[in-house]
**Q** 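Quick one: structure below, then a few questions.
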Amino acid sequence: MNVKILVLNFGSSTLKYKVIDIGSGESLIRGIVERIGEGSDDGPADHAGALSETLAKLDQHGLGLGGNGITAIGHRIVHGGQCFSAPTLVTPQSLEQLGLLDRLAPLHNPSARQGVQACMTLAPHIPQVMVFDTAFFQTLPSAAYHYAIPSWLYEKHGIRRYGAHGTSHEFVAQQAAKFLGRSLKDCNLISFHLGNGASVAAIAGGIAVDTSMGLTPLEGLVMGTRSGDIDPSIPLYMASELGMTPTEIDRTLNRESGLRGMCGDSDLREVFRRRDAGEPAAILATDVFVHRIRKYLGAYMAVLPRVDAVTFTAGIGQNSWQIRQAATEALEHLGIELDRSSNHDCRGLPADVATARSRVRILVIATDEELAIASLTAQTLRERQILLQ
Ligand code: ADP
């Protein structure tokens with residue numbers, strides 16, 4: 001009997017699902033339920049309703065719960081705080097612990113938690129595992145995860161760097177190691193995940209030692225709609241001088257900044273179309289986007305004792321030869337030398353787009369967060385002998 005994992009990603013108003021056959025790594029079905037809880041006629045009332053709708057659809061495709069259908073459920077959870085440093089079996093206790101983290105990720109965690117709760121009610125006999133976006137970064141050294149703010153803010157309130165996109169960075173690091181023909185323990189990497197959200201991780205011997213996202217996924221690189229790094233005084237200025245409320249500031253920095261804030265579009269393809277037409281706002285937006293990437297690349301060259309490869313993944317990292325070129329050209333002094341033509345023509349992934357004499361490889365790697373979550377779910381259940389194959 002094949003092991004089939006249902007991967008669920010609950011957002012505030014969406015549920016993305018995918019069923020993966022662990023033996024072949026193939027996706028059997030995928031989809032999205034939208035407009036959850038928006039009071040519209042065609043959207044479900046809540047997360048439990050979205051889940052029932054999904055389970056009914058899976059059942060129609062012969063993927064019911066148990067039997068020869070779904071073996072287990074893997075949940076993507078954005079924030080695992082300091083309690084969760086590895087994928088964790090869902091139990092009443094672990095769910096209660098998860099509830100304590102809501103305030104660290106108010107946009108994401110409560111909906112994921114409601115989703116897990118709904119699964120426990122609707123599918124009590126199906127084992128479930130939570131896979132955390134922050135877990136890969138629980139290895140960060142204290143110098144990398146502490147902010148230079150009063151220590152009580154960390155001790156009493158957990159304010160520190162947690163990182164995000166960890167499942168993707170870890171998956172890409174494994175793929176990079178395989179591609180380089182080395183064990184992960186021997187790989188030092190700078191991993192760029194450039195999608196709508198964007199982050200970079202410094203990885204030494206397969207272990208994360210620094211990352212650009214912080215307490216929340218707002219810090220670091222420029223993103224589709226998020227500002228990334230700014231002077232921390234800016235939100236104070238927006239409050240005291242412009243009279244903006246915390247909700248308005250949050251919306252401005254998370255949803256109305258980044259590429260969208262600078263030029264009106266958050267989709268890089270559209271921004272490049274306008275850049276190519278000579279629009280100054282689109283030129284500025286891509287210049288700022290690239291400048292920030294180069295700054296982090298330089299910083300992480302200094303954080304790591306040796307760099308074997310710089311990796312690019314996700315929608316922009318995998319598809320935009322322009323961004324990869326702008327991010328890595330003229331870095332020969334750091335041992336990074338791009339082969340422009342293989343970067344431009346890069347199709348089959350993974351691909352190495354550095355010149356033969358480049359000291360550092362430049363790899364383009366396809367991420368697959370759902371496959372990573374499904375594999376981690378199966379592995380966790382095997383370790384606990386809940387899954388015997
Ligand atoms: P998400 O974070 O939502 O999963 P993705 O990883 O799908 O995002 O990345 C979305 C981004 O990738 C968008 O900015 C989109 O413009 C960009 N992208 C996708 N395909 C291309 C392409 N062929 N060239 C340039 N950018 C692309």
Side-chain angles (χ1 to χ4, degrees), residues 7-18 27 30-32 34 76-78 105 107-108 111-112 131 133-134 163-172 175 191-201 211-213 216-228 254-277 279 281-283 285-290 292-293 311-328 343-351 353 364-373:
V7 177
L8 295 177
N9 182 356
F10 282 96
S12 52
S13 65
T14 59
L15 164 58
K16 291 187 197 142
Y17 61 90
K18 193 168 187 179
S27 159
R30 66 185 306 169
I32 179 165
E34 293 179 288
R76 179 189 187 195
I77 313 278
V78 166
L107 291 179
H108 298 103
S111 25
V131 178
D133 252 15
T134 48
H165 286 151
T167 312
S168 173
H169 287 293
E170 186 177 15
F171 180 82
V172 166
Q175 301 295 311
S191 163
F192 283 96
H193 176 112
L194 307 176
N196 277 315
S199 67
V200 51
T211 193
S212 59
M213 283 179 165
T216 72
L218 179 57
E219 192 179 345
L221 300 175
V222 176
M223 308 182 216
T225 64
R226 286 174 246 168
S227 63
N254 272 299
R255 301 185 195 276
E256 296 166 0
S257 293
L259 295 173
R260 174 176 290 159
M262 286 183 288
C263 76
D265 270 307
S266 65
D267 189 302
L268 189 78
R269 282 166 293 200
E270 185 55 21
V271 180
F272 259 104
R273 199 191 54 70
R274 292 172 47 202
R275 180 188 172 100
D276 293 343
E279 263 191 61
I283 294 172
T286 42
D287 286 351
V288 175
F289 186 86
V290 167
R292 189 77 52 83
I293 292 175
T311 62
F312 288 96
T313 196
I316 296 170
Q318 288 167 221
N319 296 303
S320 176
W321 64 266
Q322 297 97 321
I323 292 293
R324 291 194 305 265
Q325 179 173 311
T328 55
N343 179 53
H344 184 274
D345 300 333
C346 154
R347 297 240 152 62
L349 301 185
V353 297
V364 186
I365 292 177
T367 191
D368 191 336
E369 285 171 286
E370 289 92 357
L371 176 59
I373 291 170

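Computed over heavy atoms, backbone and side chain alike; hydrogens, waters and symmetry mates excluded. What you are looking at is a predicted structure, and each value in this text was computed from that prediction instead of being measured. Whatever order the structure lists ligands and atoms in, that order sets their numbers, starting from 1. FYI, the numbering just counts along the sequence from 1.
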**Q** Less than 4.0 Å between a side-chain N and a carboxylate O, is that true for Arg275 and Asp287?
**A** yes
**Q** Can you name the side-chain contact (heavy atoms from CB on, under 4.5 Å) partners of Lys18, sequence neighbours left out?
**A** Ile20, Ser27, Arg30, Asp368, Glu370
**Q** Taking only heavy atoms of the protein into account, state which residues are under 4.0 angstrom from an atom of ligand 1, in chain and number order.
**A** Gly195, Asn196, Gly197, Ser266, Asp267, Leu268, Arg269, Ala314, Gly315, Ile316, Asn319, Ser320
**Q** Treating Ser320 as the side-chain partner and Gly317 as the backbone partner, does any N or O pair qualify as donor plus acceptor under 3.5 Å?
**A** no
**Q** Which one of Thr367, Asp133, Thr313 satisfies the side chain to side chain donor-acceptor pair (under 3.5 Å) criterion with Ser168?
**A** Thr367
**Q** Determine, stepwise, if the pair Ile316 / Phe192 fulfils side-chain contact (heavy atoms from CB on, under 4.5 Å).
**A** CA-CA 10 Å; Ile316 296 170; Phe192 283 96; over 6 Å; no
**Q** If we count only N and O atoms by modelled type, under 3.5 Å, do the side chains of His165 and Thr211 hold a donor and an acceptor together?
**A** no
